[in-house]
Peer 1: 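Here it is: the structure, laid out below.
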There are 2 protein chains.
Amino acid sequence: MRMKLVPNLQEQVASHLRLRILSGQLAPGTPFREQVLAEEFGVSRGPIRDALLTLTKEGLLHGRPNVGVRVAAAPSPFKRAVIVNLRREIEGAALARWFQTRDAALLERLDANLAEYQRACAASEFGRVVELDMAFHRLLVESAEDGSLVDVWLPVILRMFLRYSRHRMLVESYQEHAAVVAAMHAGDEAGAIALLRAHIV
Amino acid sequence: MRMKLVPNLQEQVASHLRLRILSGQLAPGTPFREQVLAEEFGVSRGPIRDALLTLTKEGLLHGRPNVGVRVAAAPSPFKRAVIVNLRREIEGAALARWFQTRDAALLERLDANLAEYQRACAASEFGRVVELDMAFHRLLVESAEDGSLVDVWLPVILRMFLRYSRHRMLVESYQEHAAVVAAMHAGDEAGAIALLRAHIV
DNA sequence: CGATTGTTAATTGTCAACAAACCACGTTAA
DNA sequence: TTAACGTGGTTTGTTGACAATTAACAATCG
């Protein structure tokens with residue numbers, strides 16, 4: 001069994017740019033030029049193009065043919081309301097499915113996530129908190145049916161995290177995560193799902 | 001004012017392959033080789049790669065790095081159930097929003113779609129029916145807020161139409177579409193939304 | 001006989017050069 | 001003055017060649 005040691009260049013570039021966009025440092029409309037990025041990453045424009053196309057399909061970039069891509073604007077209130085319900089549906093379904101097996105491995109990973117989350121909060125590592133926040137929800141979605149929902153879930157949550165102003169409420173978000181996990185430990189299915197849905201805002 | 005006469009090669013290729021996959025002729029797991037497609041379309045591998053990446057993100061193809069892409073399998077019952085709810089949420093929200101304006105232009109387009117749908121049914125033009133079925137729902141989604149929901153809606157419905165066995169019920173599907181439009185004409189918001197949600201299965 | 005290791009053919013990943021499209025700017029003419 | 005029209009420079013779109021990786025098969029060893 002071998003883990004992939006060196007992922008594709010396009011994946012490395014996409015991951016790097018994803019974090020850069022989600023950090024919220026870049027204003028909507030900021031252009032991403034292929035040549036500039038190619039020189040910055042030390043690769044040719046090929047992998048850059050693939051990465052930009054990926055991020056565009058994920059909703060983080062907005063592209064017009066023959067013009068280029070720019071950082072996408074945050075979704076409108078209407079669109080955001082729809083997206084919130086989509087996330088609730090997906091993650092709620094995943095959590096409901098977990099209660100059919102109650103696999104302990106997931107609980108361990110969630111506990112580890114909470115511990116690291118708490119540490120990052122105390123250290124005020126802002127970017128790390130965003131990562132851990134998304135990782136928490138990703139663990140839930142991945143637990144259901146070998147992660148078959150991840151591909152539909154990812155574009156949804158990425159659009160929500162685009163210029164997400166709620167990351168400031170670090171402690172509050174942590175407590176809500178912890179409450180969900182506590183309900184899972186207690187075997188309270190309805191309570192866990194209700195807490196999770198209420199947490200997604 | 002000029003319409004784009006010749007869209008990008010990658011878009012032409014993607015559209016063509018999309019229809020080929022949705023037609024249901026190709027069994028899940030059928031490989032898509034870049035070189036083969038490049039020769040078939042008479043272009044180089046570049047645009048083909050972009051098209052395959054697009055279709056992969058849309059859920060129609062399943063790809064592994066350094067190996068290639070294959071026609072994706074139909075979603076599992078669990079995943080399909082989730083996707084059904086996602087479509088209901090998106091299209092229901094779009095329809096609810098239409099009732100705030102009741103723009104007549106949409107009704108005209110839907111009536112035209114129904115007429116053409118009926119004709120294609122009578123002529124048993126199977127592929128055309130699939131197109132019109134999706135076009136009907138697309139019109140609904142595009143009507144809300146300048147089509148801002150289309151990008152999240154498209155990957156969802158494409159996954160549902162992947163090897164969709166329900167297209168055989170041509171007349172039944174037409175009648176359900178017509179019932180939704182009739183409720184819209186009558187100004188019955190709750191009824192239209194209920195009919196639409198019940199139609200998505 | 002089974003498992004492991006080389007070898008090879010096929011396929012994807014990457015690159016650099018060239019072609020086509022777009023945008024801003026200055027010019028021209030009504 | 002203003003609108004239309006070229007024009008130059010910048011950026012994306014496309015291409016073909018080359019490198020890296022994979023999977024299947026053959027040979028080898030325990």
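A, B, ... follow the sequence lines: proteins, then strands. Residue 1 opens every chain.
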Peer 1: Take Glu58(B) and Arg159(B), measure what salt bridge (Lys or Arg N to Asp or Glu O under 4.0 Å) needs, and give me the verdict at the end.
Peer 2: CA-CA 7 Å; Glu58(B) 289 174 354; Arg159(B) 282 178 171 85; over 6 Å; no
Peer 1: Identify, between Asp50(A) and Asn66(A), the residue whose nearest nucleotide on DNA chain C lies closer to the 5' end.
Peer 2: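 On the 5' side of the pair lies Asp50(A).
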Peer 1: Roughly, in whole Å, what's the span from CD in Gln12(A) to P in dG13(C)?
Peer 2: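 About 14 Å, once rounded to whole Å.
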Peer 1: Would you kindly give the CD-to-P distance between Gln10(A) and dT21(D), to the nearest whole Å?
Peer 2: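 Roughly 14 Å, once rounded to whole Å.
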Peer 1: If the cut-off is 4.0 Å, is Arg49(A) near the phosphate of dT12(D), judged by side-chain N/O to OP1 or OP2?
Peer 2: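 Result: no.
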Peer 1: Does a nitrogen or oxygen in the side chain of Arg64(B) sit under 4.0 Å from OP1 or OP2 of dA23(D)?
Peer 2: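 Checking Arg64(B) against dA23(D): at least one side-chain N or O falls below 4.0 Å of OP1 or OP2.
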Peer 1: Just checking Gly68(B): base, sugar-phosphate only, or nothing, at a heavy-atom cut-off of under 4.0 Å?
Peer 2: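 Sugar-phosphate: the residue Gly68(B), judged by heavy atoms under 4.0 Å, touches backbone atoms but no base.
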Peer 1: For DNA chain D, determine which residues of residues 26-45 of chain A have any heavy atom closer than 4.0 angstrom to one of its atoms, and list them numerically.
Peer 2: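 DNA chain D contact set from residues 26-45 of chain A: Phe32(A), Arg33(A), Glu34(A), Arg45(A).
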Peer 1: Could you please spell out the steps behind the salt bridge (Lys or Arg N to Asp or Glu O under 4.0 Å) verdict for Glu40(B) and Arg45(B)?
Peer 2: CA-CA 11 Å; Glu40(B) 182 177 333; Arg45(B) 279 176 50 213; over 6 Å; no
Peer 1: For the pair made of CD in Glu11(A) and P in dT12(C), what is the distance, rounded to whole Å?
Peer 2: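 The answer, rounded to whole Å, is 16 Å.
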Peer 1: Under 6.0 Å from the NE2 atom of His185(A), do we count more than 12 heavy atoms belonging to anything else shown?
Peer 2: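 Enclosed: over 12 neighbouring heavy atoms sit under 6.0 Å from NE2 of His185(A).
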Peer 1: Output all residues satisfying side chain to side chain donor-acceptor pair (under 3.5 Å) with Lys57(A), sequence neighbours left out; order by chain, then residue number.
Peer 2: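 So Lys57(A) forms no side chain to side chain donor-acceptor pair (under 3.5 Å) with any residue.
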Peer 1: Looking at Lys79(A) and Asp151(B), does any basic side-chain N land under 4.0 Å from a carboxylate oxygen?
Peer 2: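 Salt bridge between Lys79(A) and Asp151(B), a charged N being under 4.0 Å from a carboxylate O: yes.
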Peer 1: Out of dT15(D), dT22(D), dT12(D), which nucleotide sits closest to the side chain of Val67(B)?
Peer 2: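 The answer is dT22(D), which lies nearest to the side chain.
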Peer 1: Over 60° means perpendicular and under 30° means parallel, so tell me whether Phe136(B) and His177(B) are parallel, tilted or perpendicular.
Peer 2: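 Judged by the thresholds at 30° and 60°, the geometry between Phe136(B) and His177(B) is parallel.
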